[in-house]
Amino acid sequence: MHQVRTEIHISASPEHVWKILCDFDAYPEWNPLVPRMRGAAVPGSRLSLPTAMWPGGPVVMPTRATVEEATPPRRLAWRVNMITRSVASSLHDFELSPDGAGGTHLLHRETITGAMAPMMWSVVRRFEPTFVQLNQALKKRAEASA
């Protein structure tokens with residue numbers, strides 16, 4: 001297993017941050033990692049990610065994902081399987097925790113598993129700066145509208 005892990009504090013409630021994370025239609029307005037996504041934050045539903053950000057710039061990379069968990073306002077997770085889950089699988093998740101002062105602690109991860117995980121890791125680990133950018137953009141959007 002290989003994992004990119006980033007965290008940030010957001011001065012907005014988990015419920016407010018959750019609404020922004022699940023509003024996929026608004027991703028082009030703020031999300032630097034996944035500027036377009038279609039689907040619904042419902043467990044078992046399919047998501048379409050027609051474009052994504054790669055280190056070095058945007059790329060058209062049609063990808064299908066499955067929502068593994070959507071527990072408002074705590075956790076949103078989707079999985080992309082390359083060929084099959086045992087060959088290579090990527091779990092993208094956001095965990096939101098109340099901070100006790102009305103804000104949110106966000107844990108944002110990408111976990112790579114499967115036989116090809118070591119090969120995929122050389123590319124996926126370069127996404128950490130973009131994850132940090134996403135976290136900052138989410139913070140800015142949530143705090144501005146809270």
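The structure displayed is predicted, hence computed values, not measured ones.
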Arg109/Val4 under side-chain contact (heavy atoms from CB on, under 4.5 Å): CA gap, chis, key distance, verdict: CA-CA 5 Å; Arg109 296 177 291 213; Val4 174; over 6 Å; no
Contact summary for [X] and [Y], nearest pair of heavy atoms:
{"X": "Leu76", "Y": "Ala41", "value": "CD1-CB, 4.0 Å"}
{"X": "Arg74", "Y": "Pro14", "value": "NH1-CB, 3.9 Å"}
{"X": "Ala146", "Y": "Ser11", "value": "CB-O, 4.3 Å"}
{"X": "Lys139", "Y": "His9", "value": "NZ-O, 2.8 Å"}
{"X": "Val42", "Y": "Val67", "value": "O-CB, 3.3 Å"}
{"X": "Ala65", "Y": "Val80", "value": "CB-CG2, 3.7 Å"}

Side chains of [X] and [Y]: does their closest heavy-atom pair fall under 4.5 Å?
{"X": "Gln136", "Y": "Ile8", "value": "yes"}
{"X": "Phe94", "Y": "Glu69", "value": "no"}
{"X": "Leu134", "Y": "His108", "value": "yes"}

side-chain contact (heavy atoms from CB on, under 4.5 Å) between Thr111 and His2, intermediate numbers included: CA-CA 6 Å; Thr111 306; His2 299 280; over 6 Å; no
Side-chain donor-acceptor pair present, [X], [Y], cut-off under 3.5 Å:
{"X": "Asp99", "Y": "His105", "value": "no"}
{"X": "Ser145", "Y": "His16", "value": "yes"}
{"X": "Thr66", "Y": "Arg79", "value": "no"}

Residues 18-30, side-chain donor-acceptor partners within the protein, below 3.5 Å, at least two apart:
from: Tyr27; atom 1: OH; to: Leu21; atom 2: O; distance (Å): 2.6
from: Glu29; atom 1: OE1; to: Arg141; atom 2: NH1; distance (Å): 3.4
from: Glu29; atom 1: OE1; to: Arg141; atom 2: NH2; distance (Å): 2.6

To the nearest 0.5 Å, what is the distance between [atom1] on [X] and [atom2] on [Y]?
{"X": "Glu7", "Y": "Ile10", "atom1": "CD", "atom2": "CD1", "answer": "11.5 Å"}
{"X": "Thr104", "Y": "Glu15", "atom1": "OG1", "atom2": "CD", "answer": "7.5 Å"}
{"X": "Glu128", "Y": "Gln3", "atom1": "CD", "atom2": "CD", "answer": "10.5 Å"}
{"X": "Arg75", "Y": "Ser97", "atom1": "CZ", "atom2": "OG", "answer": "11.5 Å"}

Asn135: which of Thr130, Leu106, Leu107 passes side chain to side chain contact (heavy atoms under 4.5 Å, CB included):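 The residue from Thr130, Leu106, Leu107 that satisfies side chain to side chain contact (heavy atoms under 4.5 Å, CB included) with Asn135 turns out to be Leu106.
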Cluster check Leu138, Met37: I/L/V/M/F/W/Y, side chain < 4.5 angstrom: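 Yes, same cluster.
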Shared hydrophobic cluster for Trp78 and Leu33 (ILVMFWY, side-chain gaps under 4.5 Å):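 In one cluster: yes.
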Check: Ser45 side chain, Ala40 main-chain N or O, donor-acceptor pair, under 3.5 Å: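 Confirmed, Ser45 side chain pairs with Ala40 backbone.
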